[in-house]
Each structure stands twice: as C-alpha cells, then as structure tokens.
Amino acid sequence: MAGTSEPELVNLDPVATAVVCGVVSMAGLRDFFDASFSTLARTIGVQGITVLSPAFGLYHGSPGETLDLEVGFATDRAVQPGDGVVVGSLPGGRIARLTHFGSFDGLGSSWERLASWMRAQGLPAGEDRWEIYVTQPSPDMDPRDLRTELNWPVAD
C-alpha cells in the first residue's frame, strides 16, 4: 500500500558521511546509485569504517534535467577520500520530515506533499533535501514494502 506518514518537524544534529558525488540525468539515476554503493562498500570496508545509517541520497538544488546529488551513508568517522568517495555531511537544524511507503515512483508526490505542508506551516524550504532508504531495495521484493524517509531542512 502506497502512502505517507504525517509530516513532522524534528531537530537534528549534523552527521558525518561518506559519499559519492555526481550530476546525473534522471535516466542514469539507478546506475549511479548502484555504482556508488559498490564503490562505497569497498572503500568503507577497506578502511574499517562503521556505517551508522541506511543509505541516503542528498539532493542539491531543484531537480531539472539533471540532479546534483550525494549518495552515501552516515559513518562513525571521516572516510579517507579515494576511489570517488569523499567526506560529506547531512545538515542539522530544523527538518521537516515524512515517511513514504511504497515504490520509488511515488516519491515525487510525497515530496510535493511535504512541500505543501511546509508552506501551510509557514516554514521556508532549504535548497537541499535528502531521502533515507529505510528499506533496502532488492530485485525480488514487492515495491509496496519500500519505506523512504524524506527530510527537508527549514531555511532559517
């Protein structure tokens, strides 16, 4: 069943991350994620870094023909840059959040729901936003079982 949780406002601390950065077309998004996660797994494994979160995608600016993004994981310490993996961070502060239940195809409408809620609350949206992929996707799973947390910083 597709749907969303109720939007909420949370306060978060910034989080250190290990990421792969790119500017990617919508058509190349899946391949970018797949290649990035393979690279991240190798680099994090070799360095003995502990992953502290599910995978995320941090999007910079408004989506257009391409997306400027970082794909990665929260980590227990800074990664040593190499093989395309660099140090990153997820922002702290006031964050508007909701959880999307179902296929990635419905994420656009869930982001729009969060944006509408923020406008109704008088909360100015920041430029960046991120998705946390709470449920790890797999080829043989039912897409309705996916859970994705949407996070949008409030511009103060």
Side-chain angles (χ1 to χ4, degrees), residues 5 7-108 110-111 114-115 118 123-141 143 145-156:
S5 65
E8 63 180 338
L9 194 59
V10 297
N11 285 302
L12 300 178
D13 291 327
V15 175
T17 62
V19 296
V20 174
C21 303
V23 176
V24 183
S25 70
M26 289 293 218
L29 201 54
R30 172 178 266 171
D31 290 341
F32 179 76
F33 270 86
D34 290 346
S36 296
F37 290 140
S38 294
T39 301
L40 283 158
R42 276 192 313 275
T43 301
I44 287 170
V46 165
Q47 295 184 25
I49 291 174
T50 301
V51 170
L52 301 177
S53 74
F56 69 85
L58 171 63
Y59 299 89
H60 302 290
S62 298
E65 289 184 22
T66 60
L67 298 167
D68 180 359
L69 76 154
E70 299 175 20
V71 173
F73 299 95
T75 56
D76 67 336
R77 63 183 189 279
V79 66
Q80 293 299 314
D83 199 22
V85 177
V86 297
V87 175
S89 67
L90 290 175
R94 294 190 314 153
I95 310 293
R97 169 188 287 167
L98 66 72
T99 300
H100 169 85
F101 301 96
S103 166
F104 294 140
D105 294 341
L107 284 171
S110 291
W111 276 115
L114 186 56
M118 290 177 74
L123 301 170
E127 294 222 4
D128 295 346
R129 52 189 161 164
W130 71 94
E131 300 170 345
I132 296 178
Y133 308 106
V134 178
T135 310
Q136 182 176 350
S138 67
D140 56 343
M141 78 179 300
D145 294 334
L146 290 169
R147 202 167 95 218
T148 308
E149 185 182 275
L150 310 185
N151 295 275
W152 205 330
V154 175
D156 288 317

Once you round to the nearest 0.5 Å, how far does [atom1] of [X] lie from [atom2] of [Y]?
{"X": "L150", "Y": "L98", "atom1": "CG", "atom2": "CG", "result": "5.0 Å"}
{"X": "L58", "Y": "L69", "atom1": "CG", "atom2": "CG", "result": "8.0 Å"}
{"X": "L9", "Y": "M118", "atom1": "CG", "atom2": "CE", "result": "8.0 Å"}
{"X": "T66", "Y": "M26", "atom1": "OG1", "atom2": "CE", "result": "9.0 Å"}
{"X": "D13", "Y": "L90", "atom1": "CG", "atom2": "CG", "result": "12.0 Å"}

Smallest separation among heavy atoms of [X] and [Y], with atom names:
{"X": "L12", "Y": "I95", "value": "CD1-CG1, 3.7 Å"}
{"X": "T43", "Y": "G82", "value": "OG1-O, 4.0 Å"}
{"X": "P153", "Y": "P91", "value": "CG-CG, 4.0 Å"}
{"X": "S36", "Y": "V20", "value": "OG-CG1, 3.5 Å"}
{"X": "A18", "Y": "L40", "value": "O-CD2, 3.5 Å"}
{"X": "P63", "Y": "L67", "value": "CB-CD2, 3.3 Å"}

Exercise. Kindly write out the residues that satisfy ring pair (Phe, Tyr, Trp, His ring centres under 6.0 Å) with W130, not counting sequence neighbours, or none if the list is empty.
Key: none
Quiz prompt | Set of residues satisfying ring pair (Phe, Tyr, Trp, His ring centres under 6.0 Å) with respect to F33, sequence neighbours excluded | solution =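 For F33 the ring pair (Phe, Tyr, Trp, His ring centres under 6.0 Å) partners, ignoring immediate neighbours, are F37, Y133.
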Exercise. Output all residues satisfying side chain to side chain donor-acceptor pair (under 3.5 Å) with S110, sequence neighbours left out; order by chain, then residue number.
Key: H100
Exercise. Identify, with sequence neighbours excluded, every residue that meets side chain to side chain donor-acceptor pair (under 3.5 Å) alongside N151.
Key: R97, E149
Note, [X] side chain near [Y] side chain (heavy atom, < 4.5 Å):
{"X": "M141", "Y": "L146", "value": "yes"}
{"X": "R129", "Y": "L114", "value": "no"}
{"X": "V15", "Y": "S53", "value": "no"}

I'd like to know if the side chain of [X] reaches the main chain of [Y], judged simply by a donor and an acceptor atom lying under 3.5 Å from each other, with no hydrogens or angles considered.
{"X": "T75", "Y": "R77", "answer": "yes"}
{"X": "S25", "Y": "G28", "answer": "yes"}
{"X": "E131", "Y": "T148", "answer": "no"}
{"X": "S103", "Y": "P143", "answer": "no"}
{"X": "S5", "Y": "T99", "answer": "yes"}
{"X": "T17", "Y": "V19", "answer": "no"}
{"X": "T135", "Y": "R147", "answer": "yes"}

Quiz item: Around atom CD of E8, are there more than 12 heavy atoms of other residues, nucleotides or ligands at under 6.0 Å?
Solution: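 Buried by this count: over 12 neighbours within 6.0 Å.
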Practice problem: Keeping to residues at least two apart or across chains, list the salt bridge (Lys or Arg N to Asp or Glu O under 4.0 Å) pairs with something in residues 17-34. | Solution: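 As it turns out, there is no salt bridge (Lys or Arg N to Asp or Glu O under 4.0 Å) pair with a partner in residues 17-34 once direct neighbours are skipped.
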Quiz item: With sequence neighbours left out, which residue pairs that include part of residues 53-69 fulfil the salt bridge (Lys or Arg N to Asp or Glu O under 4.0 Å) condition?
Solution: none
